[in-house]
Amino acid sequence: MSSNNEKKSGLDRPVSRRGLLGGLAASGGVAAGLFAGRANAAQPDPLITDIQDWNRYLGDGVDSRPYGSPSEFESHVVRRDVSWLTADATSSVNFTPLHALDGIITPNGLCFERHHGGIAEINPADHRLMIHGMVDKPLVFTMQDLMRFPRENRVYFLECAANSGMEWRGAQLNGCQYTHGMVHNVMYTGIPLKLLLEEAGIKEGARWLLPEGADASAMTRSVPLEKGLEDCLVAFKMNGEALRPEQGYPLRLVVPGWEGNMWVKWLRRIEVGDQPWHQREETSKYTDLLANGKARRFTWAMDVKSVITNPSPQAPIMHGRGQTIITGLAWSGAGKINRVDVSIDGGRNWQTARLNGPSLDKSLHRFYYDFDWDGSDLLIQSRAIDEAGFVQPTKKELRAARGENSIYHNNGIQTWHVKADGSAENVEVS
Ligand SMILES: Nc1nc2c(c(=O)[nH]1)N[C@H]1C(S)=C(S)[C@@H](COP(=O)(O)O)O[C@H]1N2
Ligand SMILES: [Mo]
């Protein structure tokens, strides 16, 4: 996929709210009357009065698409990367096009990808999962062995801890795909890890797990045994079909609510031990350097967060003033989302948004806020509150607590500046 977002120079500096609001009166009203309803048009609409080709000629038969893909008119809805972020083709990341989706489920072909050693292509017949270390009997499972274990279906978000990481020091990337697109939400079919661990028999004194991937990066992370027994899954299906190669085919670990990095893909080994291993991904990476030079470590749970997906820089308002819908996503590693508030004036006033769709534990939640847009400039924001009572902080509050050194765990409130012509831009209010 070609890169299509460049670093925006000059946006490192926060835009002051005073400055933006000062400009509101002057620019408001430019879009007036641009989008009068078609029903009033003087000319007859040929799309109504003429018979179109698709109405006249037979279409393709059922044999033409044995595995379906989206309409050609949706070809712009793809994962995209940021050129200056991606070092080379194999150590890379791309982003979910959140602005083009609705509901809560991420389609398989649009789930963002993050891999440290490229995509491992594994024939499931050649795949093995080993459980060893502090267990009564070390075991090796084939994929067929795993099919004998009771399985469960659960929907969870996966968010990379570095999601929004480029925004720690100021508004930078123009689009929620880039600022928030390192998240996806999928229904997994998998075996509770607890069942596999019990099959091997956990020895007394065991406290930690070390899952390892079969890819070239052989990714490892220390996971507390308690979490493994509580709700982790060894998954082989996503949204009903086999995992995609990008997502760890044929087997991945699901660690609900916790950093994406712990969700080891191409899962081939789980070691059981009595202390953490202090691997690369939990020491030099995925630790949060504070202003005082100390670092937070083992920051596993993803914090309460939300973002407005429409309108946003890649998805301007196209229909002009009047009845307008703001929509977005909210999630929390602590559980369900209780409430989402929306502001259209940069956080001075807040209204409660309407949550819609299933409200599931550690899953994305969809919210809508319907309002009458008068065509004036807006500073739109969303603020999520989860069932544990955590409230999404402003960026100012976040920086006061954590400084600006980190790239991980940025859950600050996002602002889009919507202009009179319906376009939107990434800004910060101060
Ligand atoms: N084996 C292996 N597992 C891995 C990775 C990897 O490079 N190799 N990347 C991790 C990171 S950093 C993240 S954020 C998630 C990304 O999952 P996704 O590609 O399904 O979005 O997988 C994690 N699991
Ligand atoms: Mo990640």
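For clarity, every value in this text was computed on a predicted model and none was experimentally measured. Just so you know, ligand 1 is whichever comes first in the structure, and atom 1 is the first atom listed for that ligand. Just so you know, residue 1 is the first one in the sequence shown, and it goes up from there.
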Can you confirm whether the side chains of T179 and E167 place a donor and an acceptor under 3.5 Å from each other?
no
Report yes or no: do Y67 and E241 form a side-chain donor-acceptor pair below 3.5 Å? yes
By chain and number, the residues contacting ligand 1 below 4.0 angstrom (heavy atoms only) are F112, E113, R114, H115, H116, L158, C160, H184, G213, D215, S217, M219, E246, Q247, R252, G260, N261, W263, V264, K265, W266, Y286
Review point. Quick one: do R366 and D102 make a salt bridge, cutoff under 4.0 Å?
Key: yes
Is the shortest side-chain N to carboxylate O distance from K395 to E404 below 4.0 Å? no
Open item on the list: For Y188 together with Y156, are the ring centres under 6.0 Å from each other?
Closed with: no
When K265, R268, R128, R221 are each screened for salt bridge (charged side-chain N to carboxylate O under 4.0 Å, His left out) with E212, the one that passes is R268
